[in-house]
Q: 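The following block contains the structure, expressed as structure tokens.
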There are 2 protein chains.
Amino acid sequence: MSYANEMTIAAESPAPAQHRPERRPDLATNLRIATLRLSRRLRNESSSEVSEAQYSVLAAVVHNGPLTPKQLADRERVQPPSMTRTVAALEDAGYVARTPHPEDGRQVVVTATDAGRDLVKEIKRRRNAWLNKGLARLTPAEREVVAEAAVILRRMVEE
Amino acid sequence: MSYANEMTIAAESPAPAQHRPERRPDLATNLRIATLRLSRRLRNESSSEVSEAQYSVLAAVVHNGPLTPKQLADRERVQPPSMTRTVAALEDAGYVARTPHPEDGRQVVVTATDAGRDLVKEIKRRRNAWLNKGLARLTPAEREVVAEAAVILRRMVEE
DNA sequence: TATTGTTATACTCTATAACTATA
DNA sequence: TATAGTTATAGAGTATAACAATA
């Protein structure tokens with residue numbers, strides 16, 4: 001997928017001088033375009049052993065400890081049958097293990113295996129490496145601006 | 001500056017104090033997390049009449065004028081049969097029109113309809129509005145940092 | 001022959017509905 | 001009855017292979 005052309009038409013072309021005090025396309029437009037492009041590249045060009053849906057679930061289990069399919073479905077905002085399938089795929093691949101819940105016989109506990117933890121680490125390494133290639137082309141001052149913004153944005157989207 | 005640091009799992013959580021001089025997770029890690037979360041929210045919470053794949057194709061046609069399915073497939077990095085399907089869905093919905101190429105009988109020209117142009121405009125408006133809700137909670141200084149970073153990042157991922 | 005586009009078919013991820021087991 | 005999870009089935013989006021039309 002390409003999100004190469006998401007800006008408003010006015011913002012897109014250097015534009016017929018409007019009666020606006022700003023020459024720079026507005027913040028939301030720039031941020032929207034930069035974010036969607038960057039995420040697409042991150043997903044596509046740091047390709048991996050598992051799909052994005054599977055990676056997201058695996059990373060949740062690795063970072064937040066054992067979780068039940070119900071908790072994972074809520075967190076990922078998918079329906080339970082979708083999570084059954086995703087967890088089954090991760091289990092088949094050896095990245096998670098499913099065990100009975102110790103107290104509630106209805107529930108299942110999904111735990112990351114060593115292979116699962118290693119894979120998450122490796123995918124993050126790959127993605128950061130890809131990002132760093134682009135960041136290396138910026139000036140130190142630009143990198144500092146981006147670094148500060150990344151902290152602000154990460155806080156802004158915190159769940 | 002944290003640019004050169006390697007990301008670790010510890011960098012992701014508040015983390016057991018390590019023997020590291022930096023407290024802030026490195027730039028690539030923050031940027032990766034902020035970008036992936038923000039893009040997921042943008043897609044999910046600014047939902048629309050068309051899928052993301054369809055929107056991307058429609059926006060390309062709206063912004064870059066009539067394009068052939070081949071050009072669209074290359075741009076979106078999908079195979080021709082996938083583009084046939086996406087264009088057919090957009091045509092059925094009335095957002096694009098398919099006409100014969102004036103010079104090359106093998107080709108087809110995909111043009112946006114008025115409804116297609118309106119939809120792109122509306123979806124962009126919705127997404128910017130959603131983003132602005134989050135941005136409104138930042139301080140003016142933070143917004144300025146994010147604004148500068150958005151320009152830098154947009155240039156960094158330019159294709 | 002090479003290129004553009006389509007049709008046929010299959011796989012993945014998502015969903016809803018219906019079912020089982022347990023609380 | 002309510003909850004957790006699964007199975008059955010279907011729709012969208014992707015792919016490869018094979019085909020038709022045109023250059």
Side-chain angles (χ1 to χ4, degrees), chain A residues 1-3 36 39-41 43-45 47-61 66-93 95-111, chain B residues 36 39-41 43-45 47-61 66-111 119 123:
Chain A
M1 284 182 255
S2 166
Y3 309 106
L36 291 173
S39 68
R40 176 170 64 85
R41 299 275 205 106
R43 287 163 208 266
N44 291 351
E45 308 199 19
S47 72
S48 68
E49 292 76 1
V50 292
S51 72
E52 193 60 30
Q54 289 168 7
Y55 173 73
S56 185
V57 169
L58 178 57
V61 172
L67 294 167
T68 67
K70 169 65 169 159
Q71 290 173 317
L72 286 165
D74 288 346
R75 174 184 283 264
E76 300 293 314
R77 292 175 202 172
V78 297
Q79 295 302 309
S82 300
M83 192 49 67
T84 293
R85 195 184 182 95
T86 299
V87 170
L90 286 171
E91 187 184 28
D92 288 348
Y95 297 127
V96 302
R98 290 166 69 263
T99 55
H101 191 287
E103 292 152 18
D104 186 336
R106 298 171 301 182
Q107 297 187 48
V108 167
V109 174
V110 181
T111 312
Chain B
L36 290 174
S39 68
R40 179 164 64 85
R41 298 276 207 103
R43 288 162 208 265
N44 292 349
E45 308 200 17
S47 72
S48 69
E49 292 75 0
V50 292
S51 72
E52 193 61 29
Q54 290 168 8
Y55 172 71
S56 186
V57 169
L58 178 57
V61 172
L67 294 167
T68 67
K70 170 64 169 160
Q71 289 173 317
L72 286 166
D74 288 346
R75 175 184 282 265
E76 301 293 315
R77 292 173 202 172
V78 297
Q79 294 303 310
S82 302
M83 191 50 65
T84 292
R85 196 185 182 94
T86 299
V87 169
L90 287 171
E91 188 184 27
D92 288 348
Y95 297 126
V96 301
R98 291 165 68 261
T99 54
H101 192 286
E103 291 151 19
D104 187 336
R106 297 170 301 180
Q107 297 187 48
V108 166
V109 174
V110 181
T111 313
L119 181 61
I123 290 175

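Labels below follow one simple rule: chain letters A, B, ... track the order of the sequence lines, proteins then strands, and each chain is numbered from 1. No hydrogens, no waters, no symmetry mates; every other heavy atom, side chains included, goes into these values.
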Q: Can you name the side-chain contact (heavy atoms from CB on, under 4.5 Å) partners of B:Pro66, sequence neighbours left out?
A: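 With sequence neighbours excluded, B:Pro66 shows a side-chain contact (heavy atoms from CB on, under 4.5 Å) to B:Val109, B:Thr111, given in chain and number order.
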Q: Would you give the length of the straight line joining atom CZ of B:Arg85 to atom CD of B:Gln54, rounded to the nearest 0.5 angstrom?
A: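 So the CZ of B:Arg85 and the CD of B:Gln54 are separated by 10.0 Å.
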Q: Taking the side chain as C-beta and beyond, is there a heavy-atom pair between A:Pro69 and A:Thr84 under 4.5 Å?
A: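 In short, these two side chains do not touch, never coming nearer than 4.5 Å.
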Q: At what distance, to the nearest 0.5 angstrom, does OG1 of B:Thr68 lie from CZ of B:Arg98?
A: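 Reported to 0.5 Å precision, the distance equals 11.5 Å.
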Q: Please check the phosphate of D:dA12 (OP1 and OP2 only) for any side-chain N or O of B:Gln54 closer than 4.0 Å.
A: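 False: B:Gln54 side-chain N/O out of range (4.0 Å or more) of D:dA12 OP1/OP2.
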Q: Going by side chain to side chain donor-acceptor pair (under 3.5 Å), name the residues that satisfy it together with A:Glu52, two or more places apart in sequence or in a different chain.
A: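 Applying side chain to side chain donor-acceptor pair (under 3.5 Å) to A:Glu52 gives A:Arg127.
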Q: Any side-chain N or O of B:Thr84 less than 4.0 Å from the OP1 or OP2 oxygen of C:dT6?
A: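 Checking C:dT6 against B:Thr84, a side-chain N or O does come within under 4.0 Å of OP1 or OP2.
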Q: Rounded off to whole Å, could you give me the CG-to-C1' distance for the A:Asp74 and D:dA4 pair?
A: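 Taking atom C1' of D:dA4 as the reference, CG of A:Asp74 is at 11 Å.
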Q: If you assign each of A:Glu52 and B:Val108 to its closest nucleotide in DNA chain C, which residue comes earlier from the 5' end?
A: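 Going by which nucleotide is closer to the 5' end, it is B:Val108.
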Q: Determine: side-chain N/O of B:Ser51 to OP1/OP2 of D:dG13, distance under 4.0 Å, yes or no.
A: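 Yes.
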Q: Taking CG from B:Leu72 and P from C:dT6, how many angstroms apart are they, rounded to a whole number?
A: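 That distance rounds to 11 Å.
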Q: Which residues in residues 89-101 of chain B have a heavy atom closer than 4.0 Å to any atom of DNA chain C?
A: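 Contacts with DNA chain C under 4.0 Å: B:Arg98.
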Q: Write down the atom of A:Arg75, the atom of A:Ala60, and the distance for their closest heavy-atom approach.
A: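 So the minimum-distance heavy-atom pair works out to CD-CB, 3.7 Å.
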Q: Please name all residues satisfying side chain to side chain donor-acceptor pair (under 3.5 Å) with B:Arg106, sequence neighbours left out, ordered by chain then number.
A: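 For B:Arg106, the residues satisfying side chain to side chain donor-acceptor pair (under 3.5 Å) (neighbours in sequence not counted) are B:Asp104.
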Q: Using a 4.0 Å heavy-atom cut-off, does A:Gln71 contact any base of the nucleic acid, only the sugar-phosphate backbone, or nothing at all?
A: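 No contact at all - A:Gln71 keeps every heavy atom at 4.0 Å or more from the nucleic acid.
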Q: I need the NZ-P distance between B:Lys70 and C:dT4, as an integer number of Å.
A: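 Value for this atom pair: 5 Å.
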Q: Classify every nucleotide of nucleotides 15-23 of chain C by which part a protein heavy atom approaches to under 4.0 Å, writing B for the base, S for the sugar-phosphate alone and - for neither, in 5'-to-3' order.
A: BBB----BS
Q: Return all side-chain donor-acceptor pairs below 3.5 angstrom for residues 86-96 of chain B, not counting sequence neighbours, or 'none' if the list is empty.
A:
| unit_1 | atom_1 | unit_2 | atom_2 | d |
| --- | --- | --- | --- | --- |
| B:Thr86 | OG1 | B:Ser82 | O | 3.1 |

Q: Looking at every non-hydrogen atom in both residues, tell me the closest pair between A:Ser56 and A:Glu76 and how far apart they are.
A: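 In terms of heavy atoms, the two residues are closest at OG-OE1, 2.7 Å.
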Q: Return no unless some side-chain N or O of B:Thr86 is found under 4.0 Å from OP1 or OP2 of D:dA12.
A: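 No.
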